[in-house]
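See below for the structure under consideration.
Note that these values count all heavy atoms, side chains included, but never hydrogens, waters or copies made by symmetry. First the proteins, then the strands, lettered A, B, ... as listed; each starts at 1. What you see is a predicted model; the values in this text were computed from it and never measured.
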4 protein chains.
Amino acid sequence: MVSFNRVILAGNLTRDPELRFTNDGIPVCSFGLAVNRRRSKSEEVDFFDISAWRELGETIANYKKKGDPILVEGRLQFRSWEDRESGQKRSKVDVVADNVQFLGGRGDGDGSNGGGGGGQRSRSGAGARSGGGGRDDVDLNEEDFDDIPF
Amino acid sequence: MVSFNRVILAGNLTRDPELRFTNDGIPVCSFGLAVNRRRSKSEEVDFFDISAWRELGETIANYKKKGDPILVEGRLQFRSWEDRESGQKRSKVDVVADNVQFLGGRGDGDGSNGGGGGGQRSRSGAGARSGGGGRDDVDLNEEDFDDIPF
Amino acid sequence: MVSFNRVILAGNLTRDPELRFTNDGIPVCSFGLAVNRRRSKSEEVDFFDISAWRELGETIANYKKKGDPILVEGRLQFRSWEDRESGQKRSKVDVVADNVQFLGGRGDGDGSNGGGGGGQRSRSGAGARSGGGGRDDVDLNEEDFDDIPF
Amino acid sequence: MVSFNRVILAGNLTRDPELRFTNDGIPVCSFGLAVNRRRSKSEEVDFFDISAWRELGETIANYKKKGDPILVEGRLQFRSWEDRESGQKRSKVDVVADNVQFLGGRGDGDGSNGGGGGGQRSRSGAGARSGGGGRDDVDLNEEDFDDIPF
DNA sequence: TTTT
DNA sequence: TTTT
């Protein structure tokens, strides 16, 4: 069975990142990303929902805010559910980040991202480094947490 | 303004590709793509809607059918509208292909993809090669055709 | 500091994969990949050297052979050294795989890849799942093994 | 025949871009790109040679200089030749850009990239737009110009 | 629900 | 050193 799923986006946060935790205490960060189209005529922006887990999510929540430019590498995720009110089937495509690059931004020197400027965190990196007894080395997939509020 | 938007997916067609034409006669092909997750526990497949324009779309419509494996390179597209019945705002994320690779498939030799097997078409390639007077050298963007039925 | 490095290639193995081990027993698999150009006029093929570590490398070595089609996701790696004979500076760009998709191939049913056909292994996945006491959970980077023979 | 070839890199120019022209007057821009490794221990930077053709190349040559951050999307290219002195076979892997994003940089306000900051040019875009009689609508591939000095 |  |  052939399967491959890779997305790379760069744009600006449409809102401050929001950090939540699953029942098991796994951090998950959500934010919106606006990606401007080049050479577009009518609609000019694409809006996406991004989520980032664990250390990667925490780093984004700690350092990024509405308007900041960011590069996101991840995979497309499809989810479907039944609408409570109408009973209709609904679905949604969003992005699960597994690597992120903080882009330089406007050099507004507000201190929160001071000194070096950029920064980068990769989810797999986070996992790879956990040799201790933290929650990171539990063998979990995002799919275990479909009950989280999104 | 930083902006980047690139998606690469490989999976199988969930339905036969459908070829339609805009009012101006531009061909646009639509199909569904199922991408299996690796190492998933609960949900196991992601489903996406793909569209491909002009020559690229025609080639897919001519050679591919439900179940066929394909590699799609393109960009994520966001669209929003107001639901007629409920008046609610709705939105959707799908993929506009600009390059496609026909994957070898199951070697079932049904003739529709016989002889060579593979094949590949790129939308930009199609555009670049058009030196004649066909509709391909009109300077149009997909955005001009938001009125098409999808 | 902005940095991003992502490569995705699909083509055919130019030779049987070769599996070696570092002094510390880390497996590393090397193979050549031929990627045909589309719409080319003169030169028609690009040739690349790929390496894959640990479980991912072992899987490739176990299941793939010269001629097999494969999809490789990884990063570009630059290496430089001084040529022993001429004393000149030399360098090389190759690819370190961190995810691989076995493509269906020619359905020649030779048994070595029988039954299911495809298959997929990701290095990060391999690392993430290792909760035991194997060598996989040592915190190592490929950079530690620059002394390996390549 | 399965074939796919996509590279996405972000880093900084290692030298001012150099603009040359083929005998037929096609502009080609060359520059070096330094991409820092994350989490590396020994070697810390990967260096690549990039080339960009036509309008895309001209834009880079006009707006970018040594040190500037840039995002490059393109394809890997393999070239081989015989070394004149030693008679040995040599080869090289570099990147042909077909899309570029100017990253914000350090906001050093030197005027050459003033006002807006960013900018983006795509080679396929350039080709697609050429409806006139310029050299852009000649049907040429980079492969025609292997004689250029690189 | 939308960023520069 | 080169694959289909």
Tell me the interatomic distance from A/Leu13, atom CG, to E/dT3, atom C1', rounded to whole angstroms.
8 Å

So for A/Asp68 and E/dT3, does any side-chain atom that can act as donor or acceptor lie under 3.5 Å from a complementary atom in the base?
no

Given F/dT3, F/dT1, E/dT2, the nucleotide with the shortest approach to the side chain of D/Lys89:
F/dT1

Can you check whether B/Leu9 reaches B/Val7 side chain to side chain, under 4.5 Å on heavy atoms?
yes

Is there a side-chain contact between C/Thr59 and C/Phe102 in this structure, where contact means two heavy atoms from C-beta onward sitting under 4.5 Å apart?
yes

Take the protein atom CD of A/Glu18 and the nucleotide atom P of E/dT3, then report the distance between them rounded to whole Å.
17 Å

Proximity to the side chain of A/Lys66 - top-ranked nucleotide from E/dT3, F/dT3, E/dT1
E/dT3

Could you tell me how far apart A/Phe31 (CZ) and E/dT1 (P) are, to the nearest whole angstrom?
21 Å

Interatomic distance, C/Asn12 CG vs F/dT1 P [rounded to whole Å]
21 Å

Non-neighbouring partners of B/Phe48 that pass ring pair (Phe, Tyr, Trp, His ring centres under 6.0 Å), sequence neighbours left out
none

Using atom CG of A/Leu103 as one end and atom P of E/dT4 as the other, report the distance to the nearest whole Å.
14 Å

Counting only side-chain heavy atoms from C-beta out, which of F/dT1, F/dT3, E/dT1 sits nearest to A/Asp49?
E/dT1

Expressed in angstrom and rounded to an integer, what is the separation of C/Lys92 atom NZ from F/dT1 atom P?
13 Å

Sequence neighbours excluded, the answer for salt bridge (charged side-chain N to carboxylate O under 4.0 Å, His left out) partners of D/Arg90 is none

Can you tell me which nucleotide in E/dT1, E/dT3, F/dT4 comes closest to the side chain of A/Thr14?
E/dT3

d(CZ, B/Phe78; C1', E/dT3) in whole Å
13 Å

Nearest-Å distance, CZ (C/Phe47) to P (F/dT3)?
7 Å

